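Index from 1, following the sequence. Everything numeric in this text was worked out from a predicted model, so none of it was measured.
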Amino acid sequence: MPFTLPDLPYAKDALAPHMSAETLEFHHGKHHRAYVTKTNDLATKAGLEGKSLVEVVKAAKGKGDKKLFNNAAQLWNHSFFWQCLTPAQGQKPEGKLAQRIERDFGSVDALLEKLGTESTEHFSNGWGWLVLDGETLKVTSLHDADTPLVHGLVPLFTLDVWEHAYYIDYRNERPKFAAAVLKNIVNWEFVAKNLDGKGSERADQPATAAREKEATA
Ligand code: FE
């Protein structure tokens, strides 16, 4: 069985009005799905069926297989992104995460402003990221499908700023989209969990061979 499209961790209308059901229908149901299909096709052609998704991303980068890297990284990035969001319930960073944010950015508001600016000002398609660089929290942005997995950075949170992420709800207004998401629907519990360094595993999918073994066991 090849890589699959992970289910959304909430109902399609659960993030409205900040992200509409229609956006999720297109963004998850069509864009994310297309990356799954293309990754399966290209990974098979590259002889990488025995690799997990994270391994495929890294192998494609290592081989300079740009097409496979772009699709596999987008499959992983989106699988991670959906988990970074949750229905608005006034959530805030707590405990150890809140302390680390204060230490490295001064305050949660300062972090959100930095993430918003970085994501908004990223030229063209890409992703805003909160990562762990060694022991330090850092805000950065990466272009197109690029992902912290191949830069030795630990992923904590991401914001998709490809136009397909916001065009239905916000037209061309990326700043409005970034502000609404960052203020209302960040899954801070998920971000806090990723301080354990295992964020990459949370959007991974096992190797095809391993999955087939599981299915027949
Ligand atoms: Fe996207």
same_hphob_cluster(L195, W129) at 4.5 Å side-chain heavy-atom cutoff: yes
Heavy-atom donor-acceptor pair, N187 side chain to C84 backbone, under 3.5 Å: no
Centre-to-centre under 6.0 Å for F80 and F190, is that the case here? yes
Criterion ring pair (Phe, Tyr, Trp, His ring centres under 6.0 Å) against F81, the qualifying member of W127, W76, W162: W127
For H78, does its backbone N or O pair with a side-chain atom of D160 as donor and acceptor, under 3.5 Å? no
What do the steps show when you test R202 against D196 for salt bridge (Lys or Arg N to Asp or Glu O under 4.0 Å), and what is the final call? CA-CA 11 Å; R202 298 194 169 100; D196 66 3; 2.6 Å; yes
Where is the tightest heavy-atom contact between L24 and Y10, given as atom of each residue plus distance? CD1-CE1, 4.4 Å
Can you tell me how far CG of L48 sits from CG of L42, rounded to the nearest 0.5 angstrom? 10.0 Å
Keeping to residues at least two apart or across chains, list the side chain to side chain donor-acceptor pair (under 3.5 Å) pairs with something in residues 11-24. H18-N184, S20-T23, S20-D169, T23-D169
Any idea which heavy atoms bring H122 and S141 closest together, and the distance? ND1-OG, 3.0 Å
One should read off an interatomic distance between L156 CG and N194 CG, to the nearest 0.5 angstrom, of 6.0 Å
Is it true that a side-chain atom of R174 and a backbone atom of S119 form a donor plus acceptor pair closer than 3.5 Å? yes
Judged by atom type as modelled, is there a donor-acceptor pair below 3.5 Å linking the side chain of Q205 to the main-chain atoms of T4? yes
Take atom CD of E25 as the centre, draw a 6.0 Å sphere, and report whether it contains more than 12 heavy atoms from other residues, nucleotides or ligands. yes
Which atom pairs, donor and acceptor, lie under 3.5 Å between side-chain atoms of residues 101-111 and protein residues at least two apart or in another chain?
| residue | atom | partner | partner atom | Å |
| --- | --- | --- | --- | --- |
| R103 | NH2 | E135 | O | 2.9 |
| D104 | OD2 | L137 | N | 2.9 |
| S107 | OG | A110 | N | 3.0 |

Distance (rounded to the nearest 0.5 Å) between K67 NZ and D41 CG: 8.5 Å
Could you work out, with side chain to side chain donor-acceptor pair (under 3.5 Å) as the rule, every residue matching N125, not counting sequence neighbours? none
Are the side chain of T37 and the backbone N or O of R33 linked by a donor-acceptor pair below 3.5 Å? yes
Is a side-chain donor or acceptor of S52 paired with a backbone partner of P206 at a separation under 3.5 angstrom? no
side-chain hydrogen bond (donor to acceptor under 3.5 Å, both in side chains) with W82: of H27, H32, H28, only one passes, and it is H32
Out of D133, L130, L153, which one pairs with K138 under the side chain to side chain contact (heavy atoms under 4.5 Å, CB included) rule? D133
So is K61 actually on top of F69's ring, under 6.0 Å and inside 45° of the axis? yes
What I want to check is whether the side chains of E49 and T44 have a donor and an acceptor closer together than 3.5 Å. no
Taking atom CD of E113 as the centre, does the number of heavy atoms from other residues, nucleotides or ligands within less than 6.0 Å exceed 12? no
Side chain of N70, backbone of K66: donor and acceptor closer than 3.5 Å? yes
Correct closest heavy-atom pair for F177 and A165 would be CE1-O, 3.6 Å
Going only through I, L, V, M, F, W and Y residues with side-chain contacts under 4.5 Å, is there a path from I168 to L159? no
Taking it one step at a time, do V186 and T86 satisfy side chain to side chain contact (heavy atoms under 4.5 Å, CB included)? CA-CA 6 Å; V186 175; T86 192; over 6 Å; no
Polar side-chain atom of N40 near backbone of P2 as donor-acceptor pair, under 3.5 Å: no
Worked verdict on L149 versus V54 for side chain to side chain contact (heavy atoms under 4.5 Å, CB included): CA-CA 8 Å; L149 302 182; V54 170; 4.3 Å; yes
Y167, L15: one ILVMFWY side-chain cluster at the under-4.5 Å cut-off? no
A46 and D65: which non-hydrogen atoms are nearest, and at how many Å? CB-OD2, 4.3 Å
Nearest 0.5 Å please: distance from the CD atom of E94 over to the CD atom of E189. 7.5 Å
For the student: nearest non-hydrogen atoms of A73 and A145, plus distance: CB-O, 3.2 Å
How far apart are the closest heavy atoms of L142 and T147, and which atoms are they? CD1-C, 3.6 Å
Determine whether a donor-acceptor pair (N or O, by modelled atom type, separation under 3.5 Å) exists between the side chain of Q91 and the backbone of Q89. yes
Step through it carefully: locate the ring centre of H164, locate the ring centre of F26, and say whether they are under 6.0 Å apart. no
